[in-house]
Amino acid sequence: MSKANLAVKSEMRPRRRFLQTSLLGGIGAAILPALAAAREVTDATTQAAGVRPFELDELTINDLKAGMSSGKFSSRSLTEKYLARIEEIDRQGPTVNSVIEINPEAQAIAESLDRERKEKKIRGPLHGIPVLIKDNIDTADKMQTTAGSLAMLGSRPAKDAYVAQKLRDAGAVILGKSNLSEWANIRSSHSSSGWSGRGGQTKNPYALDRNPCGSSSGSGAAVAANLCAAAIGTETDGSVVCPSSANGIVGIKPTLGLMSRAGIIPIAHSQDTAGPMTRTVRDAAILLSELAGVDPRDSATATSAGRASPDYTKFLDPNGLKGARIGVARKYFGFNDAVDHFMENVIDQIKKQGAEIIDPADLESHGKFDDTELTVLLYELKADLNAYLANRGPDVRVHSLKELIEFNDQHAAKEMPYFGQDLFIKAEAKGPLTSNEYLDALEANRRLSRREGIDGVMDKFHLDAILAPTGSPAWLTDLANGDHSSGGSSNAAAVAGYPNINVPAGFVFGMPIGISFFGRAWSEPTLLKIAYGFEQVAKARKSPQFLASVKI
């Protein structure tokens, strides 16, 4: 999850900050040259010493695919180049610290895929493409899956997560695991996003003293820093779109059930999902196409039958904004004056591309399900994590949330040097999923986020999508006090289980920000069309410079 939305009760602040922290965006220099120039770094420190240009910077999946087809690259050479770059700037140099573990079999896998290519056996658009996956996604190989926790060290899952298996089947090379906010940022209400006991603190590659947001912090930072072609994150509320916004990349939080959660360390089954994180909308659509589908191990995916597309790239339209009815969720504004000003220019430019803007188009239930969301997450965390740990295997150190809490207490010096586990303790105190408190909260969440939320406002104004700033510019990392987020817009789509796409929109105060397009269940085709249309106009994606800091 990602942290955000401070306009809630103190108990919910950490969760909402998870969910919305880096959610606010600005618009690209191509759209707002004056504002972009005003907000660019005015007196930044010099670029991190020793960071050289990288041959693969900003190359897309199709670029890499074409390079392999022409013989310029091989999967082995791409894998070696990315691994060398990880060593150069992630482990050394600016030490972005986004990769928690390297796959020792990556080069051998790449060589095998090269042999297949020579034999004209091309599995699809991801054949030979190096990717990273978040360290809460099970892999039955020589890597570990730990959710960043020391309690999980030494244990290896017996079976791949469905997402990992789909990547392998598609011919992707899993380079390694990306760091994350430990336990997907559900342990403490005072955490620093991007910190885990196993991996330490991930940095934002645009300004190394700023936060990458979470919980898919490593995935976001690694993609932004060009350490992989693409990455997979997971979201409960904001954990894909928040780090995507803060790190200037594209992130898709799909409809619940479009992608299987089997083999992913859970928070809450009513909201959890994996999602692609890439530098372009097209690359995100390619990953979504390969990872969507029905999985018997995850009953929620049964609802995707007949709804998932085998090729989401066919919905990409450079004129995707033309004729679209887009509602502006004004109540998600107001947390940052610069972002508000920036968004006005974004909206003007969207209008100029032929979109019909309905402003305001606020959710009737805005702000009404903050408390019930946290209640549901705590109940489901206990039930879902207990089930996962009980079935993880005999070599795991902890078999329940209770044992995990005890482990953290016993190893507090290493596991809790900066923040505790108050959310774990609150979750452990909850009863079973038959409790009236849980059932009432779950019903309220679904009603308020769907019928009285996204569906309600879209019906009222006949909308194709809802627009809001994703989150604020990245804040200074502060291990002593935790995250300093100011707001965001991820919660409605997260609680409803509906799709949400973050697209880079530009820079505010020298840091990237994004905008979110969200809508009804299974509306990924429409949202992709709109998001791609915006991306082609904004052209806001810029490579990071690995500055030590930005001076505001």
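Small disclaimer: the values here were computed from a predicted structure and weren't measured.
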Using atom types as modelled and distance alone, determine if a side-chain donor or acceptor of [X] lies under 3.5 Å from a backbone N or O of [Y].
{"X": "Asp272", "Y": "Ile267", "answer": "yes"}
{"X": "Ser239", "Y": "Met1", "answer": "yes"}
{"X": "Asn445", "Y": "Val376", "answer": "no"}
{"X": "Glu88", "Y": "Gly93", "answer": "no"}
{"X": "Asn247", "Y": "Ile249", "answer": "no"}
{"X": "Asp422", "Y": "Ser189", "answer": "yes"}
{"X": "Arg261", "Y": "Thr273", "answer": "no"}
{"X": "Arg187", "Y": "Gly420", "answer": "yes"}
{"X": "Asp135", "Y": "Thr146", "answer": "yes"}
{"X": "Ser196", "Y": "Gly199", "answer": "yes"}

Using 0.5 Å steps for rounding, measure from the [atom1] atom of [X] to the [atom2] atom of [Y].
{"X": "Asn204", "Y": "Cys213", "atom1": "CG", "atom2": "SG", "answer": "10.0 Å"}
{"X": "Leu363", "Y": "Asn491", "atom1": "CG", "atom2": "CG", "answer": "8.5 Å"}
{"X": "Asp455", "Y": "Arg520", "atom1": "CG", "atom2": "CZ", "answer": "5.5 Å"}
{"X": "Leu167", "Y": "Leu287", "atom1": "CG", "atom2": "CG", "answer": "6.5 Å"}
{"X": "Ser219", "Y": "Leu132", "atom1": "OG", "atom2": "CG", "answer": "7.0 Å"}
{"X": "Ser191", "Y": "Tyr418", "atom1": "OG", "atom2": "OH", "answer": "13.5 Å"}

Check whether any side-chain heavy atom of [X] sits under 4.5 Å from a side-chain heavy atom of [Y], and report yes or no.
{"X": "Asn211", "Y": "His484", "result": "no"}
{"X": "Ile174", "Y": "Ile133", "result": "yes"}
{"X": "Leu442", "Y": "Ser270", "result": "yes"}
{"X": "His366", "Y": "Tyr332", "result": "yes"}
{"X": "Asn408", "Y": "Leu404", "result": "yes"}
{"X": "Asp298", "Y": "His269", "result": "no"}
{"X": "Ile515", "Y": "Pro469", "result": "no"}
{"X": "Leu385", "Y": "Trp183", "result": "yes"}

Is [Y] paired with [X] through a side-chain N to carboxylate O contact shorter than 4.0 Å?
{"X": "Asp138", "Y": "Lys159", "answer": "no"}
{"X": "Lys402", "Y": "Glu428", "answer": "no"}
{"X": "Asp141", "Y": "Arg156", "answer": "no"}
{"X": "Arg168", "Y": "Asp160", "answer": "yes"}
{"X": "Arg446", "Y": "Glu452", "answer": "no"}

side-chain hydrogen bond (donor to acceptor under 3.5 Å, both in side chains) evaluation trace for Glu437 with Thr375: CA-CA 8 Å; Glu437 182 187 37; Thr375 296; 4.7 Å; no
Nearest heavy-atom pair of [X] and [Y]: which atoms, and what distance?
{"X": "Glu290", "Y": "Leu126", "result": "CG-CD1, 3.7 Å"}
{"X": "His399", "Y": "Glu403", "result": "N-OE1, 2.9 Å"}
{"X": "Asp362", "Y": "Ala329", "result": "OD1-C, 3.2 Å"}
{"X": "Leu377", "Y": "Ala268", "result": "CD2-CB, 3.5 Å"}
{"X": "Val550", "Y": "Arg210", "result": "CG2-NE, 3.6 Å"}
{"X": "Ser449", "Y": "Ala492", "result": "CB-O, 3.9 Å"}

Checking [Y] against [X]: is there a side-chain donor and acceptor pair closer than 3.5 Å?
{"X": "Asn179", "Y": "Thr202", "answer": "yes"}
{"X": "Asn136", "Y": "Thr234", "answer": "yes"}
{"X": "Asp483", "Y": "Ser193", "answer": "yes"}
{"X": "Lys430", "Y": "Ser435", "answer": "no"}
{"X": "Asn336", "Y": "Ser486", "answer": "no"}
{"X": "Asp395", "Y": "Ser155", "answer": "yes"}
{"X": "Asp283", "Y": "Thr278", "answer": "no"}
{"X": "Ser215", "Y": "Lys134", "answer": "yes"}

Glu373 vs Gln271, side-chain hydrogen bond (donor to acceptor under 3.5 Å, both in side chains): CA-CA, chis, key distance, verdict: CA-CA 10 Å; Glu373 180 186 11; Gln271 294 183 206; 3.2 Å; yes
Under the ring-ring contact (aromatic ring centres under 6.0 Å, His included) rule, what do Phe419 and Trp195 come out as? Steps first, then yes or no, please. CA-CA 10 Å; Phe419 52 87; Trp195 186 91; 5.2 Å; yes
Could you go through Lys253 and Glu235, starting from their C-alpha distance and side-chain angles, then the distance that decides it, and tell me whether this counts as salt bridge (Lys or Arg N to Asp or Glu O under 4.0 Å)? CA-CA 7 Å; Lys253 196 286 289 187; Glu235 174 162 331; 5.5 Å; no
Full working for side-chain hydrogen bond (donor to acceptor under 3.5 Å, both in side chains) between Ser400 and Lys382: CA-CA 8 Å; Ser400 66; Lys382 180 180 180 179; over 6 Å; no
When you look at CG of Asp337, are more than 12 heavy atoms from neighbouring residues, nucleotides or ligands closer to it than 6.0 Å? no
Verdict with reasoning, Leu423 to Ser188, per side-chain contact (heavy atoms from CB on, under 4.5 Å): CA-CA 5 Å; Leu423 294 178; Ser188 169; 5.8 Å; no
Starting from the C-alpha separation in whole Å, work towards a yes-or-no answer on side-chain contact (heavy atoms from CB on, under 4.5 Å) for Leu175 and Val131. CA-CA 6 Å; Leu175 284 175; Val131 302; over 6 Å; no
Relative to each other, are the rings of Tyr379 and Tyr438 parallel, tilted or perpendicular (30° and 60° limits)? tilted
Test applied, side-chain hydrogen bond (donor to acceptor under 3.5 Å, both in side chains); reference residue, Lys203; option that passes from Thr95, Asn97, Asp90: Thr95
Working for side-chain hydrogen bond (donor to acceptor under 3.5 Å, both in side chains), residues Gln92 and Glu87: CA-CA 6 Å; Gln92 302 180 49; Glu87 181 63 29; 2.6 Å; yes
